[in-house]
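Presented below is the structure to which this report refers.
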Amino acid sequence: MNPDAVGKEKVDKETLASLKFKAELKLLPIVLKAVRDVTCRYGLDEDSVRDLELATEEACHNVIEHAYEPGEEGYYKVKIHREPTCFRITVRDQGIPFNLNRLNEEEPSDIGVRLMRACTDEIRSKYLGKRGKVVELVKNFPFESVNNMEKSPTKIQSSSLDLAPPSEIVTLRLMRSDETVSLARLIYRVYGYSYPHEDIYYPEKFASLIESGLVTSCVAVNELDEIVGHLGVFLETPADHVGESALAAVDPRYRGRGLFPKMKKMMMEEVASKGMLGLYSRAVTVHVASQKSNVKMGAKETGFVLAHSPPTAIFKKMKTETANIRRTVALFYVPVVPDREQTVFLPYSHKKTINKIYKHAKIPRLFKKANPGDVKLAPHSHIYSHVLPEMASAFLRVNEYGVDFIDELRLQVQDLSLRKIELIVLDLPLKDPSTAILCPEIEKLNFFFCGIMPEYLDGDSIRLQYLNNVAFDPESVDVYSEFAWEIFNYVVGEWSKHYQNGNNKE
């Protein structure tokens, strides 16, 4: 996630510092001082500041020493980003290309690479075509896991599941950032340590997301003010018009009270008051209960993401016969305010299916045919990337198409595959006619249609996905409604065109 705040002090989503330097060693101390001063002022502890400074020094030194020929005048850029859970330092140059794959080696022989690995939590690198190359250094804040806190979560034994009397009052309200330990305990009771988003098990980290405005939560509390139910709305960026309804959990002692639909209704009213347009959600398909709940709340199916979640992402005590495969999710969308009129350009091959989804969701759209002659591409593409290493997943958004788009996307896929990312989800703006024109070329890279996301990209998006040597079994999926079966079968058909037994044809 990208933040728009640091703790209680508001900070723009843009970088805290952007520096351009001539590739000379005598200027390197100025770069390192800037990294040290900025990261220290914005909350990084002393040890982490030192680690990030050392990693930055190595990355910049590589550029100074190896990116340009002797006597050649070259420059490089350093940007410092602060997010709710980490700092990101990017080092970019337009010098001589060199093998970035060495940064991704499991056991690098290069001492400098080993140093950067030791001093950071993640290293990313990619080629930018004519714009050169970039190395990104990530340093997480040293949040403490709930598992290491003084008061560890307590399991609720099966014999005590009926302890909450029906007469006990349960109240709904918005969650405070100082209640994240109580929330972590609830998630443990429901999921154990299997919930795929690890941030929930780091109370301070999750609190920073709440304070940043990227997470808004509704909680159900009992008479002791203990959190016994939760439903959150998550934003990927502060500019999003829709949020994800996620992290739904009800304490086993309080099930059967209809808390989930009550929390969902409250959150719909809350996000509408903030000017948002709708909510989307990802319902599990190992059973139909959550799909059924979404339908009852007026949400409509808009697609399926096959092999979405790691096999560990299951409810406690829920056993399945397909425990070793990634779980598929159903996509749902519900508007929270009256829909706004839009023009969309649909890829020809998926036009019929997308039209069915729009009709099912009762979302009116004006369809217009894309004319290749009217498509204007920018000099460079802008693809937003959100990587979740703990889920082996990456979510990409196309904010702007450039003349280098297909090459840039191919490089992103190669880079993510080398990092052992198993699932890549790609959202393309349907308001841009370039989407209709370029979609067939994108699908040649083994992306396939999996649904639409209304209002997701300042307008609707078509969602494609890519599987990196991942097994998928359609028989492992349980679907609730007749319409959902129709869409699911269509998505499976698209998957089968590109993959055999869950493996790439490439």
Side-chain angles (χ1 to χ4, degrees), residues 99-108 121-128 134 136 138 196-198 236 282 284-285 303-314 322-331 381 383-398 405-428 438-451 453 461-477 488 491-506:
N99 186 11
L100 293 178
N101 290 335
R102 64 192 180 98
L103 296 177
N104 300 314
E105 293 174 352
E106 292 188 8
E107 296 183 4
D121 293 292
E122 187 177 358
I123 300 177
R124 301 175 183 176
S125 60
K126 68 175 180 177
Y127 300 103
L128 303 174
V134 65
E136 186 178 74
V138 179
H197 293 290
E198 292 185 356
E236 281 194 39
R282 294 176 280 191
V284 298
T285 59
F304 287 82
V305 180
L306 310 185
H308 173 277
S309 306
T312 55
I314 59 176
T322 53
N324 296 322
I325 67 171
R326 293 177 65 98
R327 312 290 175 179
T328 293
V329 297
L331 301 175
S381 301
I383 304 175
Y384 170 85
S385 174
H386 180 205
V387 181
L388 297 174
E390 69 273 15
M391 293 183 65
S393 303
F395 296 83
L396 310 181
R397 299 180 177 194
V398 175
F405 176 74
I406 296 297
D407 289 337
E408 171 70 12
L409 180 60
R410 184 182 289 109
L411 287 173
Q412 292 239 19
V413 171
Q414 292 173 354
D415 175 62
L416 291 168
S417 297
L418 285 172
R419 292 162 58 187
K420 295 182 171 52
I421 296 299
E422 298 177 344
L423 167 72
I424 304 174
V425 172
L426 175 66
D427 283 290
L428 313 171
L438 292 174
C439 193
E441 293 300 312
I442 296 170
E443 290 179 303
K444 289 180 181 178
L445 300 179
N446 272 337
F447 282 91
F448 62 95
F449 174 87
C450 64
M453 299 287 284
S461 76
I462 179 174
R463 173 160 283 193
L464 309 180
Q465 70 173 106
Y466 174 98
L467 295 177
N468 178 25
N469 295 314
V470 174
F472 169 68
D473 179 10
E475 298 299 322
S476 68
V477 175
F488 175 70
V491 173
V492 170
E494 292 300 302
W495 162 78
S496 65
K497 293 178 184 177
H498 298 269
Y499 298 81
Q500 293 178 341
N501 298 321
N503 296 318
N504 296 40
K505 287 184 178 182
E506 293 180 325

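If you read the sequence from its start, that first residue is 1, and numbering goes on from there. It should be emphasised that the depicted structure is a prediction, and the values quoted were computed from it without experimental measurement.
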| task | Taking the side chain as every heavy atom from C-beta outward, state whether Ile421 and Asn468 have any atom pair closer than 4.5 Å. | result | no
| request: Drop me the distance from Leu306's CG to Gln465's CD, to the nearest 0.5 angstrom. | output: 4.5 Å
| task | To the nearest 0.5 Å, tell me how far Ser309 OG sits from Arg282 CZ. | result | 7.0 Å
| query | How would you list, by chain and number, every residue that makes a ring-ring contact (aromatic ring centres under 6.0 Å, His included) with Phe449, sequence neighbours excluded? | reply | His350, Tyr490
| said: One pair to check against side-chain contact (heavy atoms from CB on, under 4.5 Å): Arg419 and Val387. What are the steps and the verdict? | reply: CA-CA 10 Å; Arg419 292 162 58 187; Val387 181; 3.7 Å; yes
| Which atom names give the shortest non-hydrogen contact between Pro474 and Phe488, and what distance separates them? | O-CZ, 4.0 Å
| request: Please examine the side chains of Leu423 and Leu467, heavy atoms only from C-beta on, and report whether any two atoms are closer than 4.5 Å. | output: yes
| request: Describe, in one word, how the ring planes of Phe395 and His386 are oriented to each other, choosing from parallel (under 30°), tilted (30 to 60°) and perpendicular (over 60°). | output: tilted
| request: Could you grab the distance from atom CZ of Arg397 to atom CD1 of Ile383, nearest 0.5 Å is fine? | output: 13.5 Å
| query | Heavy atoms, side chains only, cut-off 4.5 Å: are Leu331 and Met453 in contact? | reply | yes
| pair Tyr384-Glu236: side-chain heavy atoms closer than 4.5 Å | yes
| said: Nearest 0.5 Å, please: how far is OG in Ser381 from CG in Leu409? | reply: 9.0 Å
| For the atom pair NE2 (His308) and CZ (Arg326), what is the distance rounded to the nearest 0.5 Å? | 8.0 Å
| request: Would you sort out whether Val284 and Arg327 count as a side-chain contact (heavy atoms from CB on, under 4.5 Å), showing the intermediate values? | output: CA-CA 7 Å; Val284 298; Arg327 312 290 175 179; over 6 Å; no
| task | Rounded to the nearest 0.5 Å, what's the gap from CZ on Arg124 to CG on Leu416? Could you check? | result | 8.5 Å
| query | For Phe472 and Tyr499, what are the C-alpha separation, side-chain angles and deciding distance, and is it a ring pair (Phe, Tyr, Trp, His ring centres under 6.0 Å)? | reply | CA-CA 10 Å; Phe472 169 68; Tyr499 298 81; 9.9 Å; no
| request: Taking all non-hydrogen atoms of both residues into account, name the closest pair between Asp473 and Ile325 and its distance. | output: CB-CD1, 4.5 Å
| task | Considering non-hydrogen atoms only, spot the tightest contact between Ser125 and Asp415 and give its length. | result | O-OD1, 2.9 Å
| query | Counting distance only, does the side-chain N/O of Thr328 pair as donor-acceptor with the main-chain N or O of Thr285 below 3.5 Å? | reply | no
